[in-house]
There are 2 protein chains.
Amino acid sequence: MTSRPAETLAQRKRQLVADELTQAALGLLARGGFDAVTVDEIAAAAGVSKRTFFRYFASKEDVVVQFLTGLGAAMREELASRPASEPPSTALRHTVWRSIDACAGQTERTLRVVQLILGTPALLARFLERQAQWREELAAVVAERLGLDPATELYPRLAAGMALTAFHTVLQQWSESDGTKDPAVLTDGCFTVIAPALDAVAGE
Amino acid sequence: MTSRPAETLAQRKRQLVADELTQAALGLLARGGFDAVTVDEIAAAAGVSKRTFFRYFASKEDVVVQFLTGLGAAMREELASRPASEPPSTALRHTVWRSIDACAGQTERTLRVVQLILGTPALLARFLERQAQWREELAAVVAERLGLDPATELYPRLAAGMALTAFHTVLQQWSESDGTKDPAVLTDGCFTVIAPALDAVAGE
DNA sequence: GTCATGCTTGACACTCGGTGACACATGGGG
DNA sequence: CCCCATGTGTCACCGAGTGTCAAGCATGAC
């Protein structure tokens with residue numbers, strides 16, 4: 001009676017283990033900090049071996065940063081789907097907002113994860129690494145929208161960089177305010193500041 | 001005949017070892033990449049033990065990223081020394097230029113180091129981590145210049161973030177062009193793009 | 001010249017993140 | 001019933017990074 005008998009059976013078991021691992025990791029890392037908890041402990045708490053942990057996550061950081069997976073692709077798609085007639089500031093604001101909204105959706109857990117990331121150097125580094133990737137991807141889309149050569153033109157990378165600076169700043173403020181401040185308001189605030197630069201130039 | 005007999009004696013020996021280590025590391029890492037070379041090999045090439053390597057550098061990444069040390073402090077000082085009457089875009093452009101100039105000074109070696117950093121995930125992550133620190137520091141100075149509260153106001157962090165985005169973009173373009181493009185021109189180009197956002201707001 | 005002091009180093013052992021190899025279980029399809 | 005595929009545990013291993021201790025070597029006092 002399963003609507004999807006094939007392929008879901010094994011995959012749901014897999015998802016189950018992954019969830020268990022994530023749950024255990026987040027619980028342990030929340031108290032004690034990132035360095036104080038070993039992978040062995042996380043695996044033991046989830047009832048699997050260390051080896052199995054690494055079959056699910058590429059690194060210890062990945063357990064925490066995993067929820068960012070696909071965010072880059074989502075942003076790129078969102079930006080690509082915005083009408084080309086839209087000014088860059090509007091298109092990018094929607095792009096960033098999509099990510100913020102996806103992050104800040106289930107407020108409680110996500111907030112603590114974000115605080116953990118921003119407060120742990122090793123995690124922050126991974127996070128920043130991802131952002132750097134996203135910047136390249138977004139820059140490519142921006143360049144395409146405007147018909148610019150991303151290799152020679154400065155604008156695409158700068159625009160993508162500014163948008164991600166806004167993204168990061170919103171997350172910071174949100175995290176530091178313990179979820180008090182409204183992400184939507186923060187996002188709009190950021191984009192009113194950077195919009196003049198985003199919309200001023202266009203071509204050359 | 002030494003103008004400074006005291007305290008320099010031991011410290012110059014230390015500097016000698018550090019230089020030897022850096023030299024060996026950069027040489028080995030240039031070919032083979034970052035992961036292919038072990039700390040033991042670097043230490044052996046410099047004629048010291050692995051343990052001694054870690055007495056000079058906190059991590060394997062540090063050997064490469066070390067030349068960034070003090071760059072953050074230099075930027076902060078530069079920004080703090082700019083007249084308060086100067087528009088933010090001008091002050092920040094000089095701040096960034098100071099770092100670019102310090103980096104791109106001895107073109108040949110620095111270029112390869114920058115290319116190594118930007119092309120190696122682990123190194124890029126460390127680099128980005130530093131930038132994040134600098135951003136906080138610069139944001140604090142910007143806030144002070146304008147008499148804003150960095151905890152509630154969005155502008156300082158955004159301004160610092162945009163400046164560092166410019167910094168990063170210049171380094172990227174410079175590195176990808178194999179040193180062909182002029183860093184000074186690139187820096188000016190970046191700041192003409194972001195200046196509208198930097199100067200538009202000021203207070204509220 | 002000799003001894004005491006303090007800093008630097010090497011050697012060793014150890015922890016922890018991460019990977020490769022192999023062996024074992026389960027489960028589904030011929 | 002057997003075969004194959006996938007997921008898992010165990011074990012061995014590598015490399016980064018740290019603590020400890022003893023030896024080397026400089027300096028300075030007597």
Side-chain angles (χ1 to χ4, degrees), chain A residues 1-2 4-22 24-26 28-29 32-66 116-117 120-127 129, chain B residues 2 4-22 24-25 28-29 32-66 116 120-126 129:
Chain A
M1 256 305 100
T2 58
R4 295 192 178 180
E7 90 169 1
T8 349
L9 192 139
Q11 283 184 330
R12 286 201 302 187
K13 275 177 70 177
R14 193 175 168 81
Q15 190 57 44
L16 208 79
V17 179
D19 287 348
E20 191 68 26
L21 244 1
T22 304
L26 261 38
L28 289 178
L29 294 179
F34 185 76
D35 295 324
V37 181
T38 72
V39 173
D40 280 280
E41 291 171 340
I42 296 172
V48 298
S49 71
K50 184 183 84 169
R51 194 66 187 82
T52 293
F53 175 93
F54 284 108
R55 285 188 179 107
Y56 284 81
F57 303 100
S59 69
K60 188 180 168 187
E61 287 90 359
D62 251 41
V63 203
V64 185
V65 178
Q66 138 203 239
L116 182 64
I117 293 178
T120 308
L123 258 18
L124 181 63
R126 291 268 173 171
F127 178 54
E129 216 185 317
Chain B
T2 60
R4 294 190 177 180
E7 91 166 359
T8 349
L9 193 136
Q11 283 184 331
R12 286 202 302 186
K13 276 177 70 176
R14 191 174 169 80
Q15 189 58 43
L16 207 78
V17 179
D19 288 348
E20 191 68 24
L21 244 3
T22 305
L28 289 178
L29 296 178
F34 185 75
D35 295 323
V37 180
T38 71
V39 173
D40 280 278
E41 290 171 340
I42 296 172
V48 298
S49 71
K50 184 183 83 168
R51 195 64 188 83
T52 294
F53 174 93
F54 284 108
R55 281 196 258 256
Y56 283 81
F57 303 99
S59 70
K60 188 180 168 186
E61 287 91 359
D62 250 42
V63 202
V64 186
V65 179
Q66 135 203 242
L116 183 64
T120 307
L123 258 18
L124 180 62
R126 292 267 173 173
E129 215 185 318

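From a predicted model like this one, the values you see are computed outputs, not experimental measurements.
Within the model, atoms CG of A:D19 and CZ of A:R12 stand 12.5 Å from one another, a figure rounded to the nearest 0.5 Å. In this structure, A:F53 CZ and A:D62 CG are separated by 8.0 Å, a value rounded to the nearest 0.5 Å. Put simply, NZ on B:K60 and CD1 on B:I42 are 6.0 Å apart, with the number rounded to the nearest 0.5 Å. Rounding to the nearest 0.5 angstrom, the gap separating the CZ atom in A:F127 from the CD atom in A:E61 is 14.5 Å.
Between the CZ atom of A:F54 and the C1' atom of C:dG20 there is a distance of 14 Å, given to the nearest Å. Atom P of nucleotide D:dC14 and atom CD of B:E41 are separated by 14 Å, given to the nearest angstrom. Counting to the nearest Å, the P atom of C:dG10 and the CG atom of B:L21 are 10 Å from each other. Atoms CD1 (A:I42) and C1' (C:dG17) sit 11 Å apart, rounded to a whole Å. The distance from atom CG of B:D40 to atom P of C:dG10 is 12 Å, rounded to the nearest whole Å. Remark: P of D:dG7 and CZ of A:F53 are 18 Å apart, rounded to the nearest angstrom. Rounded to whole angstrom, the span from the NZ atom of A:K13 across to the P atom of D:dA5 amounts to 18 Å. Atom CD in A:Q15 sits roughly 13 Å away from atom P in D:dG7 (whole-Å rounding).
Nearer to the 5' terminus of DNA chain D, by closest-nucleotide assignment, is the contact made by A:V17 (compared with the other of B:T38 and A:V17). Each of B:R14 and A:F34 was matched to the nucleotide of DNA chain C holding its nearest heavy atom; the match closer to the 5' end belongs to B:R14. Both A:V39 and A:R55 lie close to DNA chain C; mapped to their nearest nucleotides by heavy-atom distance, the more 5′-ward contact belongs to A:V39.
Applying the 4.0 Å criterion to OP1 and OP2 of C:dG10, one finds that B:T52 has a side-chain N or O inside that range.
If you check D:dG15, D:dT18, C:dG18 against the side chain of A:S59, the one that comes closest is C:dG18. For B:Y56, whose side chain is taken as the heavy atoms from C-beta onward, the closest listed nucleotide among D:dT8, C:dC16, C:dT9 is C:dT9. Side-chain proximity of A:R51 to the nucleotides C:dG18, C:dG10, C:dA21 is greatest for C:dA21. When each of D:dG9, C:dG18, D:dA16 is scored by its nearest atom to the side-chain atoms of B:K60, the top-ranked nucleotide is D:dA16.
Between the side chain of B:K50 and the base of D:dG17, a donor-acceptor pair under 3.5 Å is found.
A side-chain contact (heavy atoms from CB on, under 4.5 Å) with A:F34 is found for one member of A:I117, A:L29, A:L28 and no other, namely A:L29.
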